[in-house]
Peer 1: 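Sharing a structure with you now.
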Amino acid sequence: MTPVEAALADAHRTEWAFVLAATVRVAGDLDLAEECAQEAYVAALQTWGDRGVPASPGAWLTTTARRKAVDRLRRDATLRRKLPLLIEPEAVTETGEPESVPDDRLRLVFTCCHPSLSPEAQVALTLRLVCGVETAEIARAFLVPEATMAARITRAKKKIAAARIPYRVPAADELTERLDPVLTAVHLLFTSGHTAPTGEELMRHDLVDRAIDLARTLVELLPREPEARGLLGLLLLTDARRATRVGADGRLRRLDEQDRSQWDQASITEGLRQTAEALTTGGAGRFTLQAAIAGVHAAAPRSADTDWPRIVRLYDALLTVWDSPVVALNRAVAVAFAHGPQVALELVDGLATDERLASYPYLPSTRAHLLSELGRVDEAAAEYRAAAVLTGNAREREFLLAAARQETEIALGAVGDVL
Amino acid sequence: MAEYAILIYGDEAQFDQTPEAWAAMMDAHGAFAKAVAEAGVTITGGNALQSAGTATSIRGGSVVTDGPFVETKETLGGFYLVECRDLDQAIAIAKLCPAPAGGVEVRPIQETSVG
């Protein structure tokens, strides 16, 4: 890679959202803005090669892209007839000075993650527009044909224009509510990478890294929103375990089997700091509380040192802000460690009738684990097999089937002892 | 400004047919109209529909059948047309709309004038 290419790649990673978001404002149209931003990057290769990399590559790219948008609008009447994006004029204070202008990147993020778009569309649009990832690459990451992903993105853009989704940062009184789908989309991006829902590979590091970058940007842009900070803490603390989640044999490692000396201490330190700050600045929301739980795990030098009663208390708090059967299931796991498998099994059995968990593989796999601890090995084997049927991830399926075989062997061994 | 339809859907089986319930429903819509006006939004149209059992459908321009076009538990029971700044305002207004036996759908109106 030449120095110019390297500078350009760097500017794409760090400045794309900034360039695009500022160009949308002039273009009044997402597609036109995207084309002009892309053309600006192409032009940069030539110009920077001839005259050297400018002092501020982002500003150069923004100016170039915006100028292209103005030119295109002037020349092309059909573009001018397109329904323009609803762009709120910049707010002006009483003295006529522009108010502290919110970063255009925030407008872009809030438009991409508008609650009227489906969660899948929100994630795809965020990757495409905010992160500048090519549609083909997004399609590969989510294992759908490129045409499907392209259609999903096109449909979402069309809705933004036709339904008049405004290109603006929500007002202060609705900011926290509107931030939730944004954080959820970033979290979905992370979990899609952390445990790829389908396919052979357990993790997709590119998605994980994008999600952490986005969470960090949100904290930078909205420093007073504790949940953005809580999300960043959660992602960092979870990702700190990246190197230890899969063993050398390619098999999934449970939290208590992981080599904690391999956990990324820099991520843990930053994650704990962000989480502590989120906890002190606001009424703890669901991301902050999940980060706090991940923090208790991260702080235990050995699995046996884990403060399980504290984790149970954090889950209690989490359930009050987020009534989710998945949270209740995770709480039951914590109860098993704090108070033993029998109490926990009763809690899990209570959740078995919840329709929302009907196809959730971790319900039978949790039951299986508890039954195994209680020596009910035949039932445990059956539950592991039930979980294996429900998961779409090949690595997880292998893990569950191996566990089922192990339980069956124990059961057969016990029969052998009796005979 | 853009025009949106707020389509009110509900399960007719859950409708309370008593005069008291009807009066309460009318009051709720009166309060809705007042709240919309206070938000600076204009209601440009709307009506309540009689029950889906009174509907007649015509398919392909000729086949006449009894009943609504799409058979669903929750049927279209009425609608409003509102003039809003953007989808955010339309959603805020739609959240105020009474729909005790179901919910509402917000749809942008297609601009049909040429030019």
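Every value quoted in this text rests on a predicted model; they were computed, and no experiment measured them. So that the names make sense, note that chain A is the first sequence line, chain B the second, and so on, each numbered from 1.
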Peer 1: How far apart are the closest heavy atoms of B:P108 and A:A163, and which atoms are they?
Peer 2: CG-CA, 3.6 Å

Peer 1: Which pairs count as side chain to side chain donor-acceptor pair (under 3.5 Å) when at least one residue sits in residues 179-188 of chain A, sequence neighbours excluded?
Peer 2: A:D180-A:R286, A:T184-A:R286

Peer 1: Does anything in residues 1-8 of chain B reach chain A? List residues with heavy atoms under 4.5 Å apart, or say none.
Peer 2: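 If one takes a 4.5 Å heavy-atom cut-off, the residues of residues 1-8 of chain B near chain A are B:A2, B:Y4.
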
Peer 1: Residues of residues 111-119 of chain A under 4.5 Å from chain B (heavy atom pairs)?
Peer 2: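 Result: A:H114, A:S116.
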
Peer 1: Quick check: are there more than 12 heavy atoms from other residues, nucleotides or ligands sitting under 6.0 Å from CZ of A:F18?
Peer 2: no

Peer 1: Can you pull the salt bridge (Lys or Arg N to Asp or Glu O under 4.0 Å) pairs that have at least one residue in residues 32-59 of chain B, sequence neighbours excluded?
Peer 2: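 Passing the test, one end in residues 32-59 of chain B: B:K34-B:E38.
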
Peer 1: Where does A:A162 contact chain B at under 4.5 Å (heavy atoms): side chain, backbone, both or neither?
Peer 2: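 Contact with chain B: backbone only.
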
Peer 1: Which atoms of B:I91 come close to chain A, meaning under 4.5 Å heavy atom to heavy atom: side chain ones, backbone ones, both, or neither?
Peer 2: side chain

Peer 1: Could you tell me whether A:R164 and B:D88 make a salt bridge, using a distance below 4.0 angstrom between a side-chain N and a carboxylate O?
Peer 2: no

